[in-house]
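This report refers to the structure that appears directly beneath it.
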Protein chains: 2
Amino acid sequence: MGGGAISQRIAEFPKRCRAAGLKVTPQRMAVYSMLIATDRHPCPDDVYTAIRSDIPAISLATVYKILDLFQERGFVRRVSTEGQVARYDAMLDPHHHLVCSSCGRIQDLMGGEFPPLQLTLPAEFDFQATGIEIQFHGQCGACSRQHKPARAAD
Amino acid sequence: MGGGAISQRIAEFPKRCRAAGLKVTPQRMAVYSMLIATDRHPCPDDVYTAIRSDIPAISLATVYKILDLFQERGFVRRVSTEGQVARYDAMLDPHHHLVCSSCGRIQDLMGGEFPPLQLTLPAEFDFQATGIEIQFHGQCGACSRQHKPARAAD
DNA sequence: GTGGCTGCAAAGCTTTTGCATGTTC
DNA sequence: GAACATGCAAAAGCTTTGCAGCCAC
């Protein structure tokens with residue numbers, strides 16, 4: 001996605017907030033702008049740290065509340081991880097994830113670049129699927145060249 | 001998997017432990033037996049609770065240590081979840097998961113029942129994939145019939 | 001007998017909650 | 001001005017750690 005598309009999403013965000021019955025605050029704009037501009041799938045503390053340069057007085061609890069709210073409203077999604085910290089993603093176009101077991105980095109795999117799976121499951125499973133999440137586990141190029149052991153760093 | 005296959009895996013487990021340089025203890029046998037016999041993807045506390053009927057004196061910290069060790073040795077795998085509790089799975093044959101957004105239940109989708117994805121990614125991604133994890137999100141049959149809202153219970 | 005394992009208790013993190021103050025509409 | 005959002009601090013999980021005693025080999 002180009003930078004133009006990002007700034008457009010940021011520009012449209014106040015409208016989306018009001019449409020969802022949410023007030024527009026500098027804190028919420030900062031959280032959304034940070035998330036939409038990165039492909040690093042940050043955890044709440046990453047967001048908090050990044051935002052403090054803009055809004056020094058922001059509190060970590062507020063970041064948690066905002067992320068919860070955004071996820072509830074469907075503005076961001078929470079990525080499934082094995083670890084114990086939540087990671088968020090504002091990229092909502094269909095895509096999958098490449099999870100590096102060595103450095104923990106989560107890389108995007110856009111839907112257009114790899115055939116997406118169909119959502120319709122055989123009726124025998126008695127399950128109404130609304131979304132699919134695919135994670136490839138392994139080593140990213142940088143880590144495999146360094147022969148890093150799994151979970152060396154995060 | 002039939003009950004026979006389960007008891008066989010339990011019977012072979014002491015051998016696997018020793019081969020991996022681990023001592024065989026009642027606690028470890030209980031954890032493994034519990035995990036291999038269920039399809040509920042329990043969290044550490046579930047394991048702890050279930051095992052206390054066999055080994056009343058077992059400590060939760062020990063359960064955590066054992067699960068960590070088993071995962072390190074490849075005896076079990078840790079399932080990626082959005083929540084903040086770890087969930088484990090002793091079923092290591094290729095399979096995917098159906099995650100119910102209402103009740104949180106994780107159902108298995110065996111590899112043979114649904115075409116598995118190939119692991120080879122186009123070279124341009126510079127990623128060495130060793131495993132794939134697919135989660136279908138949605139509502140299980142029971143919850144969709146009850147018109148439960150998402151995350152009503154866990 | 002020895003090394004590794006367990007159980008207990010305490011500490012460490014992440015996340016949530018309550019409430020007074022401040023802001024948006 | 002009213003309703004909602006924020007910030008602070010405290011509490012509530014979940015998970016890890018340190019260490020003395022115990023057990024498998």
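Both backbone and side-chain heavy atoms feed into the values below; hydrogens, waters and symmetry mates do not. Every chain is numbered from 1, with letters handed out A, B, ... down the list of sequences.
- For the pair B:Met29/B:Pro14, a side-chain contact is recorded, criterion being any heavy-atom separation below 4.5 Å from C-beta on.
- Of the possible donor and acceptor atoms, none in the side chain of B:Asp108 sits under 3.5 Å from a partner among the backbone N and O of B:Met110.
- Under a 3.5 Å cut-off, the side chain of B:Gln135 and the backbone N or O of B:Ser80 do form a donor-acceptor pair.
- Nearest-nucleotide positions on DNA chain D place A:Arg28 closer to the 5' end than the other of A:Arg28 and A:Gln84.
- Less than 4.0 Å separates DNA chain C from at least one heavy atom of each of the following residues of residues 45-61 of chain B: B:Ala57, B:Ile58, B:Ser59, B:Ala61.
- Scanning DNA chain C 5' to 3' for nucleotides with an atom closer than 4.0 angstrom to a non-hydrogen atom of chain A gives a first and last hit of C:dT14 to C:dC25.
- With D:dA24, D:dT15, D:dA3 as the choices, the nucleotide that has an atom nearest any side-chain atom of A:Lys23 turns out to be D:dA3.
- Rounded to a whole Å, the CZ atom of A:Arg18 is 16 Å from the P atom of D:dC4.
- Computed from coordinates, the A:Ile66 CD1 to D:dT6 C1' distance equals 8 Å when rounded to whole Å.
- Put simply, the side chain of B:Thr38 never gets that close to the backbone of B:Leu35: no donor and acceptor are under 3.5 Å apart.
- For A:Gln128, the CD atom is loosely surrounded, since the number of other residues' heavy atoms within 6.0 Å does not exceed 12.
- For the residue pair A:Arg28 and A:Tyr32, no side-chain donor N or O sits within less than 3.5 Å of a side-chain acceptor on the partner.
- In this structure, the NZ atom of B:Lys65 is 11 Å from the P atom of D:dT16, given to the nearest Å.
- Side chain of B:Asp46 to main chain of B:Cys43: a donor-acceptor pair is present (N/O by atom type, distance under 3.5 Å, no hydrogens or angles).
- Hydrophobic clustering of Ile, Leu, Val, Met, Phe, Trp and Tyr side chains at less than 4.5 Å, counting indirect connections, unites A:Leu22 with A:Val76.
- For A:Gly138 against B:Thr130, the heavy-atom pair with the smallest separation is CA-OG1, 3.6 Å.
- Only at 4.0 angstrom or more do the heavy atoms of residues 71-81 of chain A sit from any atom of DNA chain D, so none qualifies.
- As judged by a 4.0 angstrom heavy-atom cut-off over every strand, A:Thr62 is placed among the base-contacting residues.
- Rounded to the nearest 0.5 Å, atoms CZ (A:Arg87) and CZ (A:Arg78) are 12.5 Å apart.
- With a 6.0 Å radius and a threshold of 12 heavy atoms from other residues, nucleotides or ligands, A:Arg77 has its CZ atom above the threshold.
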